[in-house]
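One structure is given below, encoded as C-alpha cells.
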Amino acid sequence: MEFAEFAARAAEIEAESADLAVVSLLSDLFRDADDDLSTVARFVQGRVFPAWDSTTLDIGPRLCHEAIARAAGPNVSADDVEDRLADRGEIGAVAASYDFGGQRGLAAFGAGGQDGLTVAEVDSELRALAAASGSGSEETKLKTLYGLFNRTDPDEARFLARLVLSEMRIGVGEGTVRDAIAEAFLVAPEDAAAIRDDDVDTETETAARERRDEAIATVARALQVSNDYGMVAEVTRDEGESGLSEVRLEVGRPVQAMLAQAGTAADALDEWETAAVETKFDGARVQVHRDEAGDVSLFSRNMEDVTNALPEIVEFVEDAVDEPAILDGEVVAMDDDGEPLPFQEILRRFRRKHDVGRMREEVRVELRAFDCLHAAGDDLLTEPLTTRHDRLATVLGPDSDAVSDLLLSDCPDEVAAYESEALEAGHEGIMLKNPDAAYSPGDRGKNWLKRKPDVETLDLVVTGAEWGEGRRAKFLGTFLLSARVDDESGDDEFETIGKVATGITDEELVELTELLEPEIERESGKEVDIRPSVVFEVGYEEIQASPTYSSGYALRFPRFISVREDKTAETADSLERIERLAESQ
Ligand code: ATP
C-alpha cells in the first residue's frame, strides 16, 4: 500500500466521530491492506513494533523537530518548528504546513507516483532507525527521518510525524482495532449492516449483535495471549476462528499483567464467600519466562525486557525451574537481615543498565511469585487461580520461599489476622483474589482486590516543568503534574492537577533533567511543555477541589517520591481515581 493511501484513509478516520463508523472505515482499510495488513494494524495505533516488543524508535520531540526543519529547507530551524508547534498545537499539523517536495516534487521530475513512499518502506526504514545505537546513532536517526520527510507530501508528513512520535490521534484505540479486525474478517456483512441500520427489526439486530460480540471475543482472546495486533489481524484474515483459537502464549513474549482494584475483606467475602488471601509484596512487578532450552527472560509491567538488570533473579530461576514456564510475581528488595526494603530501591535496580554488578551488592533482590500462566506446554490462563497456584508450587518447588502463601478463607477474623501479620512483617498490605477466577491479562477487574491501609500515593504524568534559578538554572526544577483522562478511543488526554518541587535532591534534579529534556515539546521563558511520558509517584496531604488546574483538583503539599520507571503515561492514575479518592477523604 502506498503511504499516501494510508495517510488519506487515516485522515478520513480522523474526521469521523461516530464509533461504529470509525470501526467500519478501519475494517475497510484492513481489508484493502493486503500484504501490509500487520503493519497497518500497528501504524493506526501509532506503533511500529508489536505491543509485546519493548523495542522503541527512541525519537524524542527534539529529534523529530530537527528532522522536519532539515527537510523544510536551509532557512528553517528546529526553533522555527517549535514556534509553529506553539501555534498549531500538534506536530502533524506542523509537519503538514511545510512543503517538503514529496510526491508533487517527484512528479515534476517525471517520476510519477512510482517513487512515492510505501507503507512497507516506512516500516522498514523506521525499524532500521530503531536498530541504530551507539555513537553517531543520533545523526543516523536524524538522517533517516529527514530522508523520509523529504519524500512526503503534506498529508503523508502529517501522519509520518505523528507515527514517529507514537501519537496518531485518529481516535483509534486498542478496542477499535480489535472490533475492526473482527468486522473485517469474521462478521458477516449483513450482520454489520443490521447493527448499523436503524430500520432493522429488534430481533434481527439483537441476533446480529450477539454474533458480532462472539467474533470480537474470539479476536480479543487471541490479542490477550499474544499482544500482537498485526499478527492477530493476519491470522483472522487467513485462518479465521480456527486459526485464532490456536494462538497460544509464547514463552519469551510478555503478556499484559492482570491488575487489581482497591477493595476490602468484606467486599471479597461478600462477593465470593471464600477469598484467596496473599501478602501484598512491596516490589516491582516481574514476569518470568523460562523456555525449553532453559533460557530465562524477565519483563517489567510495561512488558519491557529487564533480564540484564536482574542477574540474581535469572540465576535463581535457572536453578529452580526445569520446565518451560511463564510466572507472574514481584521482585522485592531486602536488607542484610532479610527485611523488605522500600519499592524505590527496586526501581533503581530495574533502571540500571550499567554497573549491575555493583548495584547487586547494594540492593539484594528476590523473587516472590504468585501466579503461573504457562507450564510445560499448558496455557493456564483460563484455569482457576487455585489450580494455577498449585502449578506454581510444582514449578518452583512446594517449599520454595519464592512461592506466595495463599490462604483460602471464608472467615473475616482470619483474613484480618493475616493482614495484621503481613503489616507487622513490613509488607504494605494484602491481596484478596477470587479463587475461581481466570487470569485476565491487562484487566483491572473485580477478581483481584488490593488492600493497603496506608495513605495512597498518586502516579501522575509530568506534562510541564520550569527551569530553576541561579545555580539550578540548568536544571528543570518545578514539575507540572497531570492525571490521565480515560478515553475509550485510545487517545489519552491529560489534565493538570498540581506542581511538585519538594522532596527532590540535587542529584535527582540532574537525573530528572536528563530524563525529561529530550521530551520537551515547547519552551516559553522558563516554562516548558513536556510530552506526557514520564510518571512520578507523589505523596500529598489532601486532594482539594480547585479552579487553578484543568482537572478541577489540586494537591495539598505534594512531594516527589520517585520516578515510576515501570509505568507509562497510559498506565498512570486516572482522573476518575482522583475523583474517587477526593470523595472518600
Ligand atoms: P497497579 O499495579 O494496580 O496499577 P501500583 O503499581 O501503584 O498500581 P499497587 O496499587 O500498590 O500498585 O498494587 C498493585 C500491585 O501490587 C500489582 O500490580 C503487583 O505489582 C503488586 N503485588 C504485590 N503482591 C501481589 C500479589 N500477591 N498478587 C498480585 N499483585 C501483587
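Counting convention: from 1, in listed order, for ligands and their atoms alike. Keep in mind that this is a model prediction, so the values were computed, not measured.
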request  = Pick whichever of K280, E330, H427 has a heavy atom sitting closest to atom 19 (C) of ligand 1.
outcome  =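 The nearest heavy atom belongs to E330.
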What protein heavy atom lies closest to [atom]? Include the residue and the distance to one decimal.
atom                   : value
atom 6 (O) of ligand 1 : R564 NH2, 2.9 Å
atom 2 (O) of ligand 1 : R301 NH1, 2.5 Å
atom 8 (O) of ligand 1 : K450 NZ, 3.4 Å

Within-shell test, [X] vs ligand 1, heavy atom, strictly < 4.0 Å:
X    : value
E428 : yes
Q261 : no
M258 : no
T279 : yes

request  = Pull out every atom of ligand 1 sitting under 4.0 Å from any heavy atom of K433, numbered as shown with elements.
outcome  =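 What qualifies from ligand 1 is 26 (C), 28 (N), 29 (C).
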message = W448 versus ligand 1: do any nitrogen or oxygen atoms come within less than 3.5 Å of each other?
response =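 Min N/O separation from ligand 1 is not below 3.5 Å for W448.
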inquiry  = Would F370 count as being in polar contact with ligand 1, using the rule that some N or O on each side must be under 3.5 angstrom apart?
reply    =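 No; every N/O pair is 3.5 Å or more apart.
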query = Would you say L57 and F49 make side-chain contact, with heavy atoms under 4.5 Å?
reply =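 Yes, close enough: below the 4.5 Å cut-off.
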Positive for side-chain hydrogen bond (donor to acceptor under 3.5 Å, both in side chains) with E495, one of S574, S551, S550 =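 Only one option passes, and that is S550.
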Between [Y] and [X], is there a salt bridge with N-O shorter than 4.0 Å?
X    : Y    : value
R391 : D378 : yes
E174 : R47  : yes
E90  : R162 : yes

ask   = Are side-chain N/O atoms of Y439 and D328 paired as donor and acceptor at under 3.5 Å?
value =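 Looking only at side-chain atoms, D328 and Y439 do form a donor-acceptor pair, the distance falling under 3.5 Å.
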task = Verify the distance criterion only: is there a donor paired with an acceptor across the side chains of E271 and N434 at less than 3.5 Å?
result =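 E271 vs N434: no donor-acceptor pair found between side chains.
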request  = Please check if atom CG in D19 has more than 12 non-hydrogen atoms from other residues, nucleotides or ligands closer than 6.0 Å.
outcome  =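 Result for CG/D19: open.
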